[in-house]
Amino acid sequence: AAVLSARGLTKAYHATRALSDLSLDIRAGESVAVMGPSGGGKTTLLHCLAGIITPDTGQVLLRHDDGGTTDVARLSDRDRSALRRSTFGFVFQQGLLIPELTALENVAVALMLLGVDRSSAEHSAAGWLAALGLAGLEDRRVGQLSGGQAQRVAIARAQVSGASVIFADEPTGALDSGTSADVMDLLLRSTTGTGKTLVVVTHDDGIARRCARTVRLRDGRIVSDSLQAESAA
Ligand code: ADP
Ligand code: ADP
């Protein structure tokens, strides 16, 4: 069954149609690579699915564990914000981490925003950082980490709250190819097989091949949607 269903999404910026009557079902536990040319609507789709922007028309149905559904596009700002903090996790190319805070603080704050006390939050954060190979770097400021290390902190931050859907927008776009492969490996390992759903916007065929499914957008429409014969993840 679909955990997220986009139904008839349309989004325009002035005269530019970013999404054009787009529908897509994403199944729970699936890893989906969203590809296609620049300007095709990939980021707009991701932002609509994640409740970061509201489509002009259409629905984004999120199915809950109890079978109920919520239209992400029609929630109040407050409920949408709560959803982004608890159910969704984000790994973007940059901008989600606070460079002046330590790795541990950056991850712990995601839990503290949910009302978890600092010591429990830091305990969980340390566990995630260790799982991502960052043990020993907890107290390093994120601004002083390498790009690959910082993206691993971002992965930890995205997951520490127990998010069930992880949205990644060119998560390795700023990294060299070796580091990029390592970061993607950790992202896929920490999501696939755990029941979590991963939606990743990428230009990298290597990344797409490791996802179970590739959706290609052009001019705000889906032009192909294929399952990998065998996902390497
Ligand atoms: P992609 O991620 O595939 O590169 P985007 O979703 O970023 O595509 O953009 C789709 C189209 O919408 C492009 O033509 C882009 O210029 C336009 N667009 C995206 N965001 C904005 C914005 N905030 N204001 C104006 N135009 C935008
Ligand atoms: P609020 O509306 O309370 O300010 P936030 O904007 O902090 O809520 O959203 C909560 C979470 O959603 C953030 O911690 C972040 O991970 C994610 N998020 C929200 N907006 C964006 C955005 N524009 N880009 C990336 N992530 C976002």
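Whatever order the structure lists ligands and atoms in, that order sets their numbers, starting from 1.
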Original post:
Any heavy atom of Gly220 sitting closer than 4.0 Å to ligand 1?
Top reply: no
**OP:** Could you check which of Thr43, Asp169, Val201, Leu46 puts a non-hydrogen atom nearest to atom 2 (O) of ligand 1?
**Re:** Thr43
Original post:
Does Gly36 reach ligand 1, in the sense of a heavy atom lying below 4.0 Å from it?
Top reply: no
Original post:
Which of the numbered atoms in ligand 1 are below 4.0 angstrom from a heavy atom of Pro37?
Top reply: 3 (O)
Subject >> Residues Arg210, Asp185: salt bridge by 4.0 Å N-O rule >> reply: yes
Original post:
Within a reach of under 6.0 Å around CZ of Arg213, are more than 12 heavy atoms found that belong to other residues, nucleotides or ligands?
Top reply: yes
Subject >> Leu19 and Leu45: CA distance, side-chain angles, deciding distance, side-chain contact (heavy atoms from CB on, under 4.5 Å) verdict >> reply: CA-CA 7 Å; Leu19 295 178; Leu45 172 61; 4.1 Å; yes
**OP:** Could you label the plane-to-plane angle of the Phe88 and Phe167 rings as parallel, tilted or perpendicular, counting under 30° as parallel and over 60° as perpendicular?
**Re:** perpendicular
Original post:
Polar-atom distance check: Gly40 versus ligand 1, any N or O pair below 3.5 Å?
Top reply: yes
**OP:** Considering only protein heavy atoms, determine whether one is less than 4.0 Å from atom 16 (O) of ligand 1.
**Re:** no
Original post:
Which of the numbered atoms in ligand 1 are below 4.0 angstrom from a heavy atom of Lys42?
Top reply: 1 (P), 2 (O), 3 (O), 4 (O), 6 (O), 8 (O)
**OP:** Determine if the distance from atom 22 (C) of ligand 1 to the closest protein heavy atom is below 4.0 Å.
**Re:** yes
**OP:** Using a strict 4.0 Å threshold on nitrogen-to-oxygen distance, state whether Asp219 and Arg17 make a salt bridge.
**Re:** no
Original post:
Looking only at distance, does Arg17 have an N or O less than 3.5 Å from an N or O of ligand 1?
Top reply: no
